[in-house]
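Quick caveat: nothing in here was measured; it's all calculated off a predicted structure. So that the names make sense, note that chain A is the first sequence line, chain B the second, and so on, each numbered from 1.
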Amino acid sequence: MSVQDETPLVKIRNLHFSRGNKVIFDGVDMDIPRRKVTAIMGPSGTGKTTLLKLIGGQLRPEQGTVEVDGEDIHSLNTKALYKLRMRMGMLFQSGALLTDISVFENVAYPLREHTDLSSSMLRKLVLMKLEAVGLRGARDMMPSELSGGMARRVALARAIALDPMMIMYDEPFTGQDPISMGVLVKLIRSLNDAAHISSIVVSHDVQETLEIADQVFVISNGKVVESGSPNELAVSKLDWTQQFVKGLPDGPVPFHYPADDLNEDLLNS
Amino acid sequence: MRVIMDYFVNLGRKVIAALEKTGRGHMLFVKMVAGFDEILRRPSLLIRQLFYIGVLSVLLISLSGFFVGMVLGLQGFYTLSQFGAEASLGVMVAASLVRELGPVVTALLFAGRAGSALTAEIGLMKATEQLSGLEMMAVNPVRRVLTPRMFGGIVSMPLLAAMFSMFGVLGGWFVGVGLLGVDDGTYWSQMQGKIDLHEDIYNGVIKSVVFGVVCTWIALFEGFDSTPTSEGLSRATTRTVVHSAFAILGLDFILTAMMFGE
Amino acid sequence: MTQSRNLEFMVGIFVAAGIVALFFLALQVSNLGTVSAGEGYNVEARFDNIGGIKVKAPVTMAGVKVGQVTGITFDKETFEAVVTLNIDGQYDQIPDDTFAKIFTAGLLGEQYIGLDAGGSDLYLEEGGRLQLTQSALVLEEVIGQFLFSKAQEGAE
């Protein structure tokens, strides 16, 4: 048990990935611990979602390895990969609920798919999962009738349906009103602590993320710039981290997209 | 010099992209067909698709068939009566429908109605990450989502084409016998004497099965391969209809040459 | 649940309707419902010239279709066309001295074989042979004969 606790849940070594000509990851190393809330932060377009897809085995890196629970995810065959994925939950930005079936059926979906539970057991389990996210009363609604925050909570209930060892949250706070944001923060924390599910949160919402994270990685330009606890980051010496954490408009990341000198540009026209 | 170089670089890039896309399309086809056992395990998936692809197209196909048959009856009657050969009206109507118009027009309507809907549906499922979501739930989206739709299309098309032809023959009968006074017995007996079960009807069915495979395949692939933006989706839907129409008409020529060529 | 039953019901109707349409095409539109080759019996007739007769051309008696042509071969020794006729089984009392002629339906219509019943007490059977035949009228020959007879009239 203790050995298991010490080995990282996700171990990323020398990860390289690019889309077309754009380099997204240029040698990323990362150890994501078990049973903690790990946040991966960075400005939009740094490939945070891509990182989650690499961990989930949906994308292949050009170079480097990703180990999840001691298994190199990109060398697994389909069957083993699917088996491992049953122990990984993922909460997509949009919720990714199946739009043609009800809330109840959405949460029941992975259970029907991968278990042989009797229908009364299945019902109990689904209602418990919905209760955990506070939406037991919404079981008969269709996904199109849900607000964005509710859809995300249903998706969360679905992600925990199979009692996974980890959940990856892709931008869970984006576009949420303060109340749903508070609900989600509380849910992530409580699922992590009560159900011992390791959490990986990818986000650029600094305040909420720092509030719940135990460990933070900051990514920029395809590399991990800094890592540490939220408190360490708050007092970071790096200009870049300071700019990001405090949300300053200008700094190492300039306000202006690279361009020719303004005067020259205006005169040339 | 530089312009010429650029031209060839551009051309090469386009050819490579087209080849890659063709390759992806064929891989997807193999994967969809390989997922056949999924349907045997869960027939309800196929039944659902038969409803959305087949049942919802019945009205369109039957009505179109009836109208096409009426037009054939009218046009055929005026042309044939110039040679005093109105008796052959039934043969003309039935042969055009069973051999060509039934499979071809059904497939074209199918591409417009069911094909574009399939592309939009799959493209939207991709854009809203539903397909990724399935994958992360350890469910193979190709087998679960695409395969039932593929076979739904393959099964629906010949049934729809048969309905189209049937309503067409009845439409021709309605105009020819009912309105223009061709003898009822002549209409049917001439038809029965000349239309061959094997040569005409089987071949028509084979054609519509081929069109069913191709149309559904194109529609599903375009949706699955679409760029997950609103523009990408609208382009993919357009491509489905255009490519399907080309494929249907081109294949129809090849199949006709092979079947009735000798 | 009722929704899913409803859907299954509609799909059931759809598939049944499709199959009905296929049967309609097979039975009402094509030749399956009428005379089908194989049933009945085959007889042979030899012609000097069959004109435009093709396989599946109808065989009629007093204008009623009684069978169809199922095979055409050429006899290398006698230089005759050997035509196999399939006669429907229900017409089993055709005299064996029946006369087979090749006719044309209308001026431009298709050609068919017409049978004129003879007076024999013996009936045609499987593998039998029609001895009396009349070849197709070939337009050029008819015109040729006509011109020839006119020329003769003129000479007299």
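Counting heavy-atom neighbours within 6.0 Å of C:E44 CD, excluding the residue itself, gives a total above 12. Shown here is C:F146, whose CZ atom has no more than 12 heavy atoms of other residues, nucleotides or ligands within 6.0 Å. The number of heavy-atom neighbours closer than 6.0 Å to OH of C:Y91, taken from other residues, nucleotides and ligands shown, is above 12. The number of heavy-atom neighbours closer than 6.0 Å to CE of C:M61, taken from other residues, nucleotides and ligands shown, is above 12. At most 12 non-hydrogen atoms from other residues, nucleotides or ligands lie less than 6.0 angstrom from CG of C:D121. Heavy-atom contacts from other residues, nucleotides or ligands closer than 6.0 Å to CH2 of B:W188 number more than 12.
Heavy-atom minimum distance, C:G18 versus B:A162: O-CB, 4.1 Å.
Interface residue B:S156: backbone and side-chain heavy atoms are both found under 4.5 Å from chain C. Heavy atoms closer than 4.5 Å to chain C are found nowhere in B:V155, neither backbone nor side chain.
Separating the CG atom in C:L7 from the CD1 atom in B:I47 is a distance of 8.0 Å, to the nearest 0.5 Å. Taking CZ of C:F23 as the reference point, atom CE of B:M166 lies at 13.0 Å (rounded to 0.5 Å). Atom CG of C:L25 is separated from atom CD1 of B:I195 by 9.5 Å, given to the nearest 0.5 angstrom. The CD atom of C:E8 lies 8.0 Å from the OG atom of B:S44; values are rounded to the nearest 0.5 Å.
Of all residues in residues 49-74 of chain B, those placing a non-hydrogen atom less than 4.5 angstrom from a non-hydrogen atom of chain C are B:L50, B:F51, B:G54, B:V55, B:V58.
Contact annotation: the side chain of B:M191 never approaches that of C:Q28 to less than 4.5 Å [non-hydrogen atoms, C-beta and beyond]. The shortest side-chain heavy-atom distance between C:F24 and B:S165 does not fall under the 4.5 Å cut-off.
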